[in-house]
Trainee: 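Submitted below is the structure of interest, expressed as structure tokens.
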Amino acid sequence: MEYNFSDIEKKWQKAWEEAGVYTVSNESDKLHYYVLDMFPYPSGAGLHVGHPLGYIASDIYSRYKRQKGFNVLHPMGFDSYGLPAEQYAIQTGTHPEKTTFENIDRYIAQLKKIGFCYDWSREVRTCDPAFYKWTQWAFIQMFNSYFDPKTQKAQPISKLIAEFEANDPKWATLSEKEQQERLMNYSIAYLADTKVNWCPALGTVLANDEVSEGLSVRGGHPVEQRVMRQWCLRVSAYAGRLLEGLDRIDWTESLKETQRNWIGRSEGAEMQFMVKKPTPDPSLKGREEEFPMTIFTTRADTVFGVTFMVLAPESEYVAKVVTEEQREEVEAYLARCKNRTERERIADRRVTGVFTGSYAINPLTQGEIPIYISDYVLAGYGTGAIMAVPAHDSRDYAFAKHFNLPIIPLIEGADVSNESFDAKEGKMINSGFLNGMEVKDAIQAMKEYITNTGIGRVKVNYRLRDAIFSRQRYWGEPFPIYYKDGMPYTLPESALPLLLPEVKDFKPTETGEPPLGHATKWAWDEKNQKVVEKNSLSSAPSPRERAGGEVFPLELCTMPGFAGSSAYYLRYMDPHNDQALVDRKVNEYWRQVDLYLGGSEHATGHLIYSRFWNKFLYDLGYVCEDEPFKKLINQGMIQGRSNFVYRYIGEGATGNLYISYNLIDNPEYKDKVQPIHVNVNIVNNDVLDINAFRAWMPEFKNAEFVFADGTSSELTGYTAGAKQYICGWSVEKMSKSMFNVVNPDDVIAKYGADTLRLYEMFLGPLEMSKPWDTNGIDGVHRFLKRLWNMYENIVDEEPTKEELRSLHKLIKKITWDIENFSFNTSIPAFMIAQNELSALKCTKRAILEPVAVLLAPYAPHIAEEMYHRCTSLPFREGSGLGSSFVINAAWPECNEAYLVEDTQKYPVQFNGKVRFTFECPKDTPKDEVERLVLAHEDTARYLNGADPKKIIVVPGRIVNIVM
RNA sequence: GCCCAGGUGGCGGAAUUGGUAGACGCGUUGGUCUCAAACACCAAUGGGAAACCGUGCCGGUUCGAUCCCGGCCCUGGGUACCA
């Protein structure tokens, strides 16, 4: 009986779909479990063999949990707003929606072939109005909320207004616009002027990683720094809670560490320095302007060593501090900084800066110290101003050396003649009342001192920045925002979803507006509460300017990619609900994602934003868990494994001769060959398919070869398979240009989905990155074939003890593996069991049936077929595999079920060397084992009358006798 | 620079983490089947003639170390003037 994987897989996929076995209900007496994959962006290239790695792992876990009797939510959807479809639209005019939907269809077809147990009825797409309605809804909630630092929670902004009304007499005197502006400083979603990378050619802002050396990575267009009014999310307000929440979730330590670094908590102090600014008026000579300046430092202990101050170029202190004499020089410096991108600044670490003309007074020594401006100080961190202690900070040190400023060592024994001493250890010197203290104590003492004297206060700072939330693009969620008198107002929730309008052109407008500027029906009729034609506006050159009447311009930016992916896991719980993002009761059933699988590249993006988003919804009472993802596992990336042929380019080369890889280091070919990427799909186990190669591209049509054995091909005399041409290989990113992309469809056509699933797991540990290497896939496929053959003539006989032992060993191993996400080690266990059972010629139902059940999470199709060969039980709805009765028999609590041997073997060692083995009854107490060993005749022989110094009994393992 | 993960045969990797290192698969070699090849099956396969030596290198703890500790060297990932 042949293993016809293609028929088997088609049969079961059809059966599952028709019976709806993977459709999940929100009402169940069963325990709930939620397994989620990070949903993909459907790219035009389709899935390659690397994408399903994590999906297979999560599918194994889902199927296991399902078989164990859990109600498992395991959905899939598409992150379908994004740049590639928009770029394609700009080039070809094809609407991004068309491209995106086609790509999604292809993805679904590919995913379905692999046999995942997704509940497709819950599929979500971020570009679907029924979905983005809730993205817009969340944005409105954020706009109408503020973060209350006292309770560390988001609150409705109406509370804040009430507070202003009650406590601030000025509030009532402000105009509506002024009130709005003031509230903007508190809203979780707010408009602010921010410095961005602006690319005029692409007509949009770019993230830092999209810019390289002042040019856009895509297209190589110039990028400039520009201050623009952008929507931002006050993620930084949640810094403390985002940090603290990490302690309560089961993520890998390295990922938590990445987030901790990103949040960047640092405990320090804010201190006030008085500034003395010389006045330009000679008649007022001797009189100086005085005002305070606040700085942030983590090294309060070093105040005695401050020899200058530095401001960030964008600091608001700059304007106050610069003197008339220095103005010109400072302005030139600021202009220079302004045009440098973040990236250039980082790449070019030369010390630059300019003196402001003013001095600060050291609050402890009363000494006058000069104030400089330099771009090594960042405006966005702390107060944008620092006290510089060159002796104990390497950046300050470099600056001091460059401008020849004094360097005062503050720690005993620190040699600061060539570099700064940054370590926080040692005894303080030159530091007044701190002298003699350890650094740690000195920091504490100084904090107390400045608090008591009012010079400063203890302060915690975070590195985490607010998220810029505007994109000047078409293919994204429209903001539910219109502008009146230049101020933003939210659309009523009843108007959601605000549909993405049609545009005639996906590029920015001639006037530099985002693509939505092309939309004609893009204005808000406040009175009738609906979207209307823009031409009914009297005139609106800029959308943010006042428009006549009661019709107002709508926001022209769209939301960034992370908007749609920040709460999608909640939507899967209740995907068809049009009254709420998720019904409260449904949310209380599923609660949170129990297991989340995806790449670690989202550590500081999606995984921060969605935690923030979830916490915000939690504060407002829309969800019942503070953290969205209970356990998270990062699967590694699958890299490409490229193959090469070696074209001979030495003497007399025709350009048509290819040398086998094993020969290229021979003297006659060394350095005379040129490696050429060859399509990995015409290479098998590094052996080139000669005929396929000749047919691959016209230039290889008449290719000739020197084979592995050194013989040459002759075009006419060659017979396929007789000689081998060996290809070289290397690990590279999987990409079209390297001809190393492997499509899962091809693997499935050749070996079947079950082999693909097993092999992807067999490749290595889930978390590790590894190249896709098909060299071992035959072995896995052979195993399935061998196992399959055992199910031909199943008999009803009592299993022997040996057969049961094999089975129970397997049960124990597979259970342990799945629960510990060690899927790669399960395949060998199956192979060993297969070997053992086949050596015993076991075809007994009592053994083979549970083996099929065990295999089901890994290779569901073949397992299902094998299972149904074993049993007369009908296929039942609601279960992917047979009845729960049988499942419980095959997945018992394995420690009890594991068939124990009656006796335990103890290898006995003398001084570490194994000498003999003895047996005693299982579960013999430790001292009894000791006694038995000493009484053993071999022990007596080895001891030869001597007293053992020590006897070590490791339970169940080994007895070691130290002489 | 800082943080994290890792380094085991010809290759991918086991060893449930202090107890017989190299499971399982690939590859290689030999054999069976075949007119022959492919498939399949069987056997061998860390090094060494052997005693022995072997988990990146040096040292330590331990009766015993791939595993724990100290120092160093590589590889991969994250992050980067955060005061």
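Side-chain atoms are counted along with the backbone in the values below, which use heavy atoms only and exclude waters and symmetry mates. Here is the naming used below: chain letters follow the sequence lines, and residue numbers restart at 1 for every chain.
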Trainee: Between P on rA5(B) and CD on Gln635(A), what's the gap in Å once rounded to a whole number?
Mentor: 19 Å
Trainee: Can you list every stem that RNA chain B is part of, counting only runs of 3 or more consecutive Watson-Crick or G-U wobble pairs with both distances under 3.5 Å?
Mentor: B:1-7 with B:73-79, B:10-12 with B:24-26, B:27-32 with B:40-45, B:56-60 with B:68-72
Trainee: For Thr604(A) and rU79(B), is the shortest distance between a side-chain N/O and OP1 or OP2 below 4.0 Å?
Mentor: yes
Trainee: When every nucleotide of nucleotides 24-29 of chain B is labelled 5' to 3' by its protein contacts under 4.0 Å (heavy atoms), B for base, S for sugar-phosphate only, - for none, what sequence of letters results?
Mentor: BSSS--
Trainee: Compute the ring centroids of Phe308(A) and Phe399(A), then answer whether they are less than 6.0 Å apart.
Mentor: yes
Trainee: Cation-pi check for Trp262(A) against Arg611(A): NZ or CZ below 6.0 Å from the six-membered ring centre and within 45 degrees of the axis, yes or no?
Mentor: no
Trainee: Just to verify, what does Arg265(A) make a side-chain contact (heavy atoms from CB on, under 4.5 Å) with, not counting sequence neighbours?
Mentor: Leu243(A), Glu267(A), Val460(A), Tyr462(A)
Trainee: Side chains of Tyr376(A) and Asp396(A): is there a donor and an acceptor less than 3.5 Å apart?
Mentor: yes
Trainee: Is the phosphate of rA83(B) approached by Ser266(A) (side-chain N or O, under 4.0 Å from OP1 or OP2)?
Mentor: yes
Trainee: With rounding to the nearest 0.5 angstrom, report the CE to OG1 distance, Met446(A) to Thr302(A).
Mentor: 8.5 Å
Trainee: Taking for each residue the nucleotide of RNA chain B bearing the nearest heavy atom, is the 5' side occupied by Glu257(A) or by Arg463(A)?
Mentor: Glu257(A)
Trainee: What is the distance from NE2 of His602(A) to P of rU79(B), rounded to the nearest Å?
Mentor: 12 Å
Trainee: Can you check whether Tyr376(A) has a side-chain N or O nearer than 4.0 Å to OP1 or OP2 of rA83(B)?
Mentor: no
Trainee: For Tyr858(A) and Phe830(A), I'd like to know if the aromatic rings sit close, meaning centre-to-centre distance below 6.0 Å.
Mentor: yes
Trainee: In whole Å, I'd like the distance from the CG atom of Leu255(A) to the C1' atom of rC3(B).
Mentor: 13 Å
